[in-house]
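Everything on this sheet refers to the single structure shown next.
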There are 2 protein chains.
Amino acid sequence: MSNMESKFIVTTLTDQVEAKIIEYIKENKLVPGDSLPNEKEFVEMFSVGRNVVREAMSRLRMLGILESRTKRGIIVKEPPLLNGFRKVLDPQLLSVPTIKELMGMRIAMEVGIAEFLFTNVTEKDIEDLEQIISRQQAIGINNLSIEDEMQFHKRIYEVAGNKFILNFYELMQPVFVFAKHNYESYFEPINKKLQESDELVTHSDLLQAIKDNDKNLYQEKIRKHLRPYWEFLYNFNNKK
Amino acid sequence: MSNMESKFIVTTLTDQVEAKIIEYIKENKLVPGDSLPNEKEFVEMFSVGRNVVREAMSRLRMLGILESRTKRGIIVKEPPLLNGFRKVLDPQLLSVPTIKELMGMRIAMEVGIAEFLFTNVTEKDIEDLEQIISRQQAIGINNLSIEDEMQFHKRIYEVAGNKFILNFYELMQPVFVFAKHNYESYFEPINKKLQESDELVTHSDLLQAIKDNDKNLYQEKIRKHLRPYWEFLYNFNNKK
DNA sequence: TTTGTTATATTTGTAGGACAAAAGGGATTT
DNA sequence: AAATCCCTTTTGTCCTACAAATATAACAAA
């Protein structure tokens, strides 16, 4: 079975059993709600110790693929998509290049959801967004508190109506908050330069594009709005 | 958010220890490369059995947050972002509404990466895309083989230059392949309707927009190109 | 017969011991 | 000083044991 019988054991038994359990689910076409064999049966099926089976199932349980209750056995679940992603998205664990890619992802998402935003937006949504903007308090040049900054964008995602994208955005927030906290001194000069060249885009500008029902303009503006983060990360990366 | 609010929310010791180990990493500001206490020390630190500590660490090892080698102990790693995501992205485990949200994500991404696509694209990239299109063989109305369909889009992502987004797309592929396989009969009528209304967009149309350096047109066209999938899922959802 | 209660057996969660394999560190030899 | 060998530590795996939960069977009551 394991043709890599060398000093470098890259796959542990747990890794293998984890894969085998997933394989079992696929082969037997189990869908959410169906029940799996219990631990003992897997132990016999794979000829491994109970610990190995338990570790493998523990992983799948964490991801939300499995759920087990004492005596009732183990059932397959529809997993929350971002369970594992959440735990990995710790700014402390990620390098700047990785954070830069995440920022690129965010820009792409916010530009892209304009497609949904403009078909879904209602008068009430626009009022909400106006309210949010009116409560914002600028600190320096286009520099809002984390909460204010988040609130507006989150509302945009909500209007767009894709829960997965919204969850995704919320998970990525800590990373951006971290970046903003740690490198705030970088943003001010970038913002200043943008302001001088008349390229600075505020939330009001974004809302105006929504009111005008000008999707292309909105996409252009959201890109520019997020540009300071992007530019900072780009510079940081090059310097390093 | 992702917690299914069942009557009995059971947090096992393993869940708690998993959280505590992450907490330990944060509190001690451990970064990739730093080493953790060994199993025994965690056992004493948290007053639990070794199995519990091992299960918790096994999870973190799977996500790529930890790496352990015999005797050298355990070190913190920069985790691959999509390790956990990959395992839950099994079309067999996901419901149609979830797949629909993923499709929305894809549309947003492909519209959004136009921002990067148009700044990065070179003459050679355009030649490549032309080559890819020339090798494609249509089956029915704008219906390509999975491989042909994938190849073009993958190349677009590559040109855009964000590895995370590319990985993300590649992970989602099986889901879309599954949808296409299972519901192929739905696509033909949708495509036919689009063709009659002159709204059908082929890869050639997309490439033309790139050649013309018309970003807004490209974004409009990529949305329409992906629309059959979207529409199918929308209909399917409503019917169900 | 049906319903309600109790007892039994099964299954997961947790603890802890044992041993093999790997690898760092130190002692020994050349 | 360099190479070699031995000891010890640490992870990976197996095993036994027991507590808690609960499905199932057995039994009692209506």
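Numbers restart at 1 for each chain; the letters A, B, ... are given by sequence-line order, proteins then strands. Not measured: the values here are computed from a predicted model.
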Just how far, in rounded Å, is [atom2] of [N] from [atom1] of [X]?
{"X": "A:Glu67", "N": "C:dT11", "atom1": "CD", "atom2": "P", "value": "18 Å"}
{"X": "B:Glu55", "N": "C:dT12", "atom1": "CD", "atom2": "C1'", "value": "10 Å"}
{"X": "B:Ile75", "N": "D:dT10", "atom1": "CD1", "atom2": "P", "value": "16 Å"}
{"X": "A:Arg69", "N": "D:dA21", "atom1": "CZ", "atom2": "P", "value": "14 Å"}
{"X": "A:Asp15", "N": "D:dT11", "atom1": "CG", "atom2": "C1'", "value": "14 Å"}
{"X": "B:Met57", "N": "D:dT13", "atom1": "CE", "atom2": "P", "value": "13 Å"}

- [ ] Ignoring backbone atoms, test whether B:Thr14 places a side-chain nitrogen or oxygen under 4.0 Å from the OP1 or OP2 oxygen of C:dT14.
- [x] yes

Open item on the list: Looking at B:Arg54, I'd like to know whether one of its side-chain N or O atoms comes within less than 4.0 Å of OP1 or OP2 on C:dA15.
Closed with: no

Task: B:Arg106 to B:Tyr169, cation-pi by 6.0 Å centre distance and 45° axis angle - done: no

Output the single nucleotide from [options] whose closest atom is nearest the side chain of [X].
{"X": "B:Leu13", "options": "C:dA15, C:dT10, C:dT12", "answer": "C:dA15"}
{"X": "B:Arg61", "options": "C:dA15, D:dG12, C:dG24", "answer": "D:dG12"}
{"X": "B:Arg72", "options": "C:dG24, C:dT10, D:dT13", "answer": "C:dG24"}
{"X": "A:Thr12", "options": "C:dG13, D:dG12, D:dC14", "answer": "D:dG12"}

Task: Residue met sooner reading DNA chain C from 5', once B:Thr70 and A:Glu41 are mapped to nucleotides - done: A:Glu41

Task: DNA chain D contacts made by residues 16-35 of chain B, counting heavy atoms under 4.0 Å - done: none

Open item on the list: With a 3.5 Å cut-off and heavy atoms only, can you find an N or O donor on one side and an acceptor on the other between the side chain of A:Asn51 and the base of D:dG12?
Closed with: no

Task: Test: B:Arg223 and B:Glu110 ion pair at under 4.0 Å - done: no

Open item on the list: Is there a side-chain contact between A:Glu158 and A:Arg155 in this structure, where contact means two heavy atoms from C-beta onward sitting under 4.5 Å apart?
Closed with: yes

Open item on the list: Any heavy-atom pair between the side chains of A:Leu129 and A:Ile156 that's under 4.5 Å?
Closed with: yes

- [ ] May I ask you to decide if the ring planes of A:Phe164 and B:Phe85 are parallel, tilted or perpendicular, using 30° and 60° as cut-offs?
- [x] parallel

TODO: Using a 4.0 Å heavy-atom cut-off across all strands, classify B:Arg50 as base, sugar-phosphate, or nothing.
DONE: base

TODO: Give a yes-or-no answer on whether the side chains of A:His203 and A:Glu149 include a donor-acceptor pair shorter than 3.5 Å.
DONE: yes

- [ ] Could you pull out the closest heavy-atom pair between A:Leu82 and A:Phe168, with the gap in Å?
- [x] CD1-N, 3.7 Å

